[in-house]
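First the structure, in the form of structure tokens, and then the observations on it.
Residues: numbered from 1 along the sequence shown.
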Amino acid sequence: MLHYELIGSGPPIVLLHAGIVDSRIWKTTVPLLAAEHAVLAYDQRGYGRSPRPDGPYSLLDDLARVLDDAGFERAALVGLSRGGRIAIDFTLERPERVSALVPVAAAMSGHPLGLSFPAELERAAEQAEADRDLEGMAAFDLQVWAPLGADDELRAMTVENVEFSWSDDPGTWADGPAADRLAEIAVPTLVITGDRDVPEINEVGEILAREIEGARSAVIEGADHVVPWRAPDELAGLILDFLR
């Protein structure tokens, strides 16, 4: 059973975290959303307090099971980075279970990011991985994805999840890449990005906003990739206004 926390009442929202952290990334956003909604934040398999996979599994089936366990027939999906990719794929495969879609600094299946890093940074990351230096591995992730800085709590969360986040996850996604299927998405969609995020992620946001019919978009100023950590109030306000 995957770990999740559920608070509030009203139309359901499910929050999906990024691939370097766990559901605690939403801790400040959750109570803001819970003023009007039932809000569920869960740890994906291998992250936080959820068990690691012992073989192949489906990321989409995991999300469906969380919805079932919470008694949610449908929910608005708010996904950050990797969580955005899961939310997009789930919307394509099981649209009847999605009331709205909010990709936040999202990745997308079928669209390689093509990130490149300075040689010195690459070498440091490779050495940290070879030494199983979790703090060094996490420092690389934070330098890339949280360049505006990390407090002790964000740093500790990243260290706690880095061993799995750098491993070969046996999880499977949708049958076809989302990049070729965005025109199929028919649920209300709000695409959110941070203006200080890596350009490759913001490019994904531009594609999503352009290719999903009727999608709205918003840019949060002063936010890098860890948007809920940088701007929880603005993020929650955008989501609440959209869902109203």
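- Contact check for Ile220 versus Thr193: no side-chain heavy atoms found under the 4.5 Å cut-off.
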Item to complete: Take Glu36 and Ser9 through the test side chain to side chain contact (heavy atoms under 4.5 Å, CB included) and record every step on the way to the result.
Response: CA-CA 7 Å; Glu36 300 180 23; Ser9 61; over 6 Å; no
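- The number of heavy atoms from other shown groups lying within 6.0 Å of CD (Glu184) is above 12.
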Discussion item. Run Asp141 and Thr158 through side chain to side chain donor-acceptor pair (under 3.5 Å) and show every step you take.
Written reply: CA-CA 8 Å; Asp141 280 345; Thr158 307; over 6 Å; no
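- With no hydrogens or angles considered, a side-chain donor-acceptor pair links Trp229 and Asp151 at under 3.5 Å.
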Worksheet item: Are Trp145 and Val198 close enough, and set up right, to give a side chain to side chain contact (heavy atoms under 4.5 Å, CB included), and what steps lead you there?
Response: CA-CA 8 Å; Trp145 300 113; Val198 298; 3.6 Å; yes
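- Sequence neighbours left out, the pairs with a member in residues 76-118 that pass ring-ring contact (aromatic ring centres under 6.0 Å, His included) are Phe117-Phe140.
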Discussion item. Show, in sequence, the C-alpha distance, side-chain angles and deciding distance for Val204 and Val191, and conclude whether the side chain to side chain contact (heavy atoms under 4.5 Å, CB included) test is met.
Written reply: CA-CA 10 Å; Val204 172; Val191 179; over 6 Å; no
Worksheet item: side chain to side chain donor-acceptor pair (under 3.5 Å) between Asp197 and Asn202: does it pass, once the steps are laid out?
Response: CA-CA 7 Å; Asp197 204 348; Asn202 287 337; 5.6 Å; no
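- Summarising the local packing, CD of Glu213 is surrounded by 12 or fewer heavy atoms from other residues, nucleotides or ligands at distances under 6.0 Å.
- Side chain of Asp131 to main chain of Asp133: no donor-acceptor pair is present (N/O by atom type, distance under 3.5 Å, no hydrogens or angles).
- With a 6.0 Å cutoff to the six-membered ring centre and a 45° limit on the axis angle, Arg216 does not count as a cation-pi contact of Phe242.
- Counting non-hydrogen atoms of neighbouring residues, nucleotides and ligands closer than 6.0 angstrom, the CG atom of Asp54 reaches no more than 12 such neighbours.
- In this structure, Asp195 contributes its side chain and Gly222 its backbone to a donor-acceptor pair below 3.5 Å.
- In this structure, the side chain of Thr91 engages the main chain of Ala87 through a donor-acceptor pair within 3.5 Å.
- A salt bridge is defined here as a Lys NZ or Arg NE, NH1 or NH2 lying under 4.0 Å from an Asp or Glu carboxylate O, and Glu160 with Arg155 fails to meet this definition.
- A ring-centre distance under 6.0 Å is found for His17 and Tyr47.
- Proximity of a side-chain donor or acceptor of Thr189 to a complementary backbone N or O of Val187 within less than 3.5 Å is detected.
- The stretch residues 63-87 participates, sequence neighbours left out, in these side-chain hydrogen bond (donor to acceptor under 3.5 Å, both in side chains) pairs: Tyr4-Asp69, Gln44-Arg82, Asp62-Arg65, Asp68-Arg97, Ser81-His225, Arg82-Asp169.
- A chain of hydrophobic side-chain contacts below 4.5 Å, direct or via other Ile, Leu, Val, Met, Phe, Trp or Tyr residues, connects Ile88 to Leu113.
- Under a hydrophobic-cluster definition in which Ile, Leu, Val, Met, Phe, Trp and Tyr are linked whenever side-chain heavy atoms come within less than 4.5 Å, directly or via other members, Ile86 and Met1 are assigned to different clusters.
- For Asp43 (side chain) and Arg49 (main-chain N/O), a donor-acceptor pair under 3.5 Å exists by modelled atom type.
- Using a cut-off of 4.0 Å between Lys/Arg side-chain N and Asp/Glu carboxylate O, Asp61 and Arg94 are scored as salt-bridged.
- Residue Gln143 qualifies as open at atom CD: its count of foreign heavy atoms under 6.0 Å is 12 or below.
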